Amino acid sequence: MSRQPPVQQPPPVQKLWVRYAKRGVGRFASHRDFARAFERALRRAHVPMAYSSGFNPHPRISWANPAPTGAESESEYVEIGLAEAVEPGELAAALGAAFPPGFAVVAVGPAGPSLMADLEASEWEVTLGAAGAVDLADAVARFLAADEALVTRETKNGPRTFDARAAVVTLEAAPPGLHAVLRHTVPLVRPDDLVTALAQFGVTPPDAPLTQRLAQGRLIGTQVLDPLV
Amino acid sequence: MNRARPESIFPALEPLLGRVKKPVQYVGGEVNSVVQDWDTARVHWCLAYPDAYEVGQPNQGLAILYELLNERDGILAERTYAVWPDLAALLRDHHLPQFSLESHYPVRAFDLLGVSLSTELGYTNLLELLDLAGIPLHSADRTDADPLVIVGGHVATNPEPIADFIDAAVLGDGEQAVLDLSALVGDWLDAGKPGGRDGILTTLAQTGRVYVPQFYDVTYAADGAIAAVCPTVPEAPARVQKYVLTNLDAWPYPRRPLVPVAETVHERYSVEIFRGCTRGCRFCQAGMITRPVRERSLAAIGAMVDDGLEATGLEEVGLLSLSSADHTEIREIAHGLADRYAGTNVSLSLPSTRVDAFNVDLANELARNGRRSGLTFAPEGGSERMRRVINKNVDEADLLATVETAFAAGWRQVKLYFMCGLPTEQDEDVLAIADLACRVIETGRRVTGSRDVGCTISIGGFVPKPHTPFQWAAQAPAEVVDRRERALKDLVRSNRRYGRAIGVRYHDGKPGLIEGLLARGDRRVGRVIEAVWRDGGRFDGWSEFFDFDRWVRACAAELGPLGVGLDWYTVRERDWAEVLPWDHLDVGVDRDWLWDDWLEARGQVTVPDCRWAGCADCGVCDGLGVDIEIGPSGRPLVPVTLRRKLGVAHV
């Protein structure tokens with residue numbers, strides 16, 4: 001008996017962008033963890049997903065720039081392709097109800113041409129607590145005055161060294177620690193890289209600083225604009 | 001008097017979670033997890049699985065008990081798993097205890113700590129869990145402030161090596177057992193704990209189905225063997241009986257299993273389609289201790305699958321049992337579910353390794369729309385003689401006919417499971433596997449007309465287990481297992497014609513020897529477990545943690561002075577008269593029947609399955625007052641009703 005070719009799946013009839021938040025215990029899930037949980041939530045919410053073709057069809061889900069494990073975020077985005085058009089508000093309610101604790105649907109709206117292209121920068125808050133309080137403003141000023149600030153981070157392919165300065169659009173010392181707008185560069189500069197860089201300017205970093213993404217989107221001046229607005 | 005509501009340790013734990021690997025495994029809150037108000041329950045269980053979350057969370061036994069207990073009024077159940085060494089070190093540094101996942105309560109605050117034991121190599125993790133919980137390691141040192149530590153699961157059918165560390169063990173099916181325990185312990189708590197711990201343990205022992213090790217005295221003879229095991233209180237029975245659940249349709253659990261956010265080893269909705277197995281494979285402990293066979297009906301299975309998928313959002317369904325293709329309605333189950341989920345992305349799997357064409361038909365049915373990649377069969381023994389010894393009644397012609405059917409149906413990979421180190425085994429019995437694999441490839445190439453066929457041989461060391469005909473057998477030394485497996489691999493590799501199409505996977509024989517020590521050990525082995533744990537032994541089921549030399553050193557130090565040792569427990573053959581450490585624990589199978597089966601094994605006499613060939617007098621049904629429960633039930637698969645769908649927009 002010969003093996004049959006897999007059935008070709010029709011293209012999606014509707015594409016939506018979902019903005020979601022991860023809060024509290026949600027920050028301990030890795031992106032891969034959440035991606036699995038997201039697929040199951042879609043099924044529990046009976047969202048009519050479109051599927052890819054092939055022997056192992058996958059629901060059409062496109063992730064864009066997920067926040068790292070350990071970070072909270074009010075502004076994560078994912079694009080989903082549907083086999084039947086649905087009312088975005090109804091989807092938001094059903095999906096939100098099916099999400100695991102620590103995750104929430106913020107908004108759902110029609111997709112634009114490219115989610116990745118619309119995610120140019122992020123606004124971050126870093127909680128440093130007492131560890132960084134001394135002369136934080138001074139360290140920030142000296143960091144901003146520098147041409148570059150090299151940091152090294154462990155990646156899957158070993159240690160990697162890159163400049164953390166060029167991606168910084170704004171950086172302020174403000175309670176509870178730092179407030180920053182970071183341009184999305186390659187490699188991506190994360191808020192923990194900023195903390196590492198500031199260590200070179202006298203800031204004692206806490207073990208695992210709490211970071212929170214407040215906004216993500218297009219960069220207009222120093223403002224970050226929600227792609228769904 | 002019930003215990004006061006404990007405080008959550010989460011505020012103190014949370015800052016540590018950013019510093020450990022995979023912190024999501026410690027936060028709880030999974031979909032379908034149950035958080036109850038402490039004060040509305042009269043009995044508080046913490047269910048534990050002494051391995052990492054990724055292994056323990058999918059465990060079916062714990063999932064069943066968790067759901068069952070939380071459904072009952074007045075009973076609360078939370079869960080805990082082994083924490084990785086990175087978090088264990090932080091917990092100790094910060095004086096934080098082992099905690100439950102639902103409410104992050106200290107484990108020591110619960111009334112009962114129920115531990116599910118699936119593997120002997122989890123014993124050091126059990127000690128670590130107790131120690132992190134702040135519960136005294138030894139039952140004798142515990143007070144009213146400590147939970148009752150009760151173990152269950154297959155491994156608990158010989159709990160003697162951990163007898164000093166547990167308060168009680170339950171044999172057999174857990175469903176009714178945990179409800180009985182809840183009632184007895186609840187009454188005891190409500191009455192103000194009359195008699196203290198001894199009071200409740202006496203009550204439990206009196207039921208005849210809960211084993212309380214401290215009520216038994218073990219004495220030893222000059223040759224090192226056990227002289228006698230005697231109850232020390234009149235309430236303790238001479239032999240403890242196992243629990244047997246009947247009418248599985250009335251116990252459709254798990255209905256709403258947890259959906260983890262963390263990645264785990266099995267991410268599927270599993271339905272146990274029947275419990276027990278009477279194929280009579282002589283090496284198989286599960287097949288001996290879970291008798292008789294009790295099936296779920298087609299209708300009940302169909303309903304569970306529908307509800308389970310709806311409650312979890314999972315897409316993979318596992319139809320579990322010890323030999324799933326043997327269900328009397330398996331054709332209807334496979335066909336009916338394949339029809340029901342045709343055109344969806346739900347996939348069905350049947351972990352059956354039966355060597356026959358019918359099994360291939362089932363696999364074809366379940367893989368109707370998907371890719372036909374690999375099929376697994378388990379001849380277990382390499383030679384015809386070996387297979388008769390272990391009562392795995394498959395001949396070479398059966399196997400080749402089966403793989404021929406599989407290759408003809410479009411399958412391209414065949415995986416074959418074998419064991420090494422079986423009783424009476426000689427080198428040539430293992431080397432015969434190479435020849436068999438070559439014949440498989442030869443068959444595959446002939447049938448498909450293609451060289452694109454492969455065979456993987458997976459071979460594991462045999463460990464003799466209690467309550468089986470091989471409980472008297474000498475375990476093969478690790479060197480013998482390793483030598484035979486290597487010789488097999490070399491022989492396969494040297495075959496220029498077929499060698500490249502055959503993969504051989506084998507494992508180091510040393511962990512198997514320690515598993516053997518712990519499986520057939522007596523109370524003296526507890527000292528070894530404790531010494532290994534004190535020396536840092538953890539996660540012995542994980543090759544990156546397992547340290548054979550540490551076990552060998554602990555055996556020498558702890559057992560040497562007693563005149564016994566690692567070899568005495570493992571590679572030594574026992575005779576009929578020897579008192580085995582588990583003889584006072586009755587799983588239903590008659591000891592003399594096992595002994596006769598052991599003699600027949602050596603005479604290469606096979607025993608047919610009692611489901612189709614009549615009763616073989618193993619003693620289970622008469623002894624336990626139960627019967628085989630098999631179909632066909634005659635009740636059809638009920639069509640699923642269309643679920644509410646998300647409203648479709650009219651655009």
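Every chain is numbered from 1, with letters handed out A, B, ... down the list of sequences. Note that the coordinates shown come from a computational prediction; the quantities given were computed from them, not determined experimentally.
The number of heavy-atom neighbours closer than 6.0 Å to CZ of Arg160(A), taken from other residues, nucleotides and ligands shown, is 12 or below. When the shell of 6.0 Å around CZ of Arg451(B) is examined, it contains 12 or fewer heavy atoms from other residues, nucleotides or ligands. In the displayed structure, Arg331(B) atom CZ is contacted under 6.0 Å by at most 12 heavy atoms of other residues, nucleotides or ligands.
Applying the side chain to side chain contact (heavy atoms under 4.5 Å, CB included) rule to Leu214(A) yields the partners Glu123(A), Glu125(A), His179(A), Gln212(A); only residues at least two apart in sequence or on another chain are considered. Residues passing the side chain to side chain donor-acceptor pair (under 3.5 Å) test with Gln98(B), sequence neighbours excluded: Thr80(B).
Taking OG1 of Thr344(B) as the start and CZ of Arg43(A) as the end, the distance is 10.0 Å to the nearest 0.5 Å.
Most heavy-atom pairs under 4.5 Å with chain B, from the set His58(A), Glu39(A), Arg27(A): that is Arg27(A). With chain A as the partner, the residue from Gly29(B), Ala311(B), Gly28(B), Ser33(B) showing the most heavy-atom pairs under 4.5 Å is Gly29(B).
Heavy atoms of Leu210(A) lying under 4.5 Å from chain B are absent altogether. There is no contact between Tyr26(B) and chain A, counting heavy-atom distances below 4.5 Å.
For the salt bridge (Lys or Arg N to Asp or Glu O under 4.0 Å) test with Arg40(A), the passing option among Glu267(B), Glu316(B), Glu315(B), Glu30(B) is Glu267(B); the others fail. For the side-chain contact (heavy atoms from CB on, under 4.5 Å) with Arg44(A), the lone residue among Val259(B), Leu309(B), Thr312(B) that qualifies is Val259(B).
Shown here for Val31(B) and Ala98(A), the closest heavy-atom pair between the two residues is CG2-O, 4.5 Å. Taking all atoms of both residues into account, the shortest heavy-atom contact from Ala37(A) to Val261(B) is CB-CG2, 4.4 Å. Nearest approach of Val24(B) to Phe28(A), heavy atoms of both residues: CB-O, 3.3 Å.
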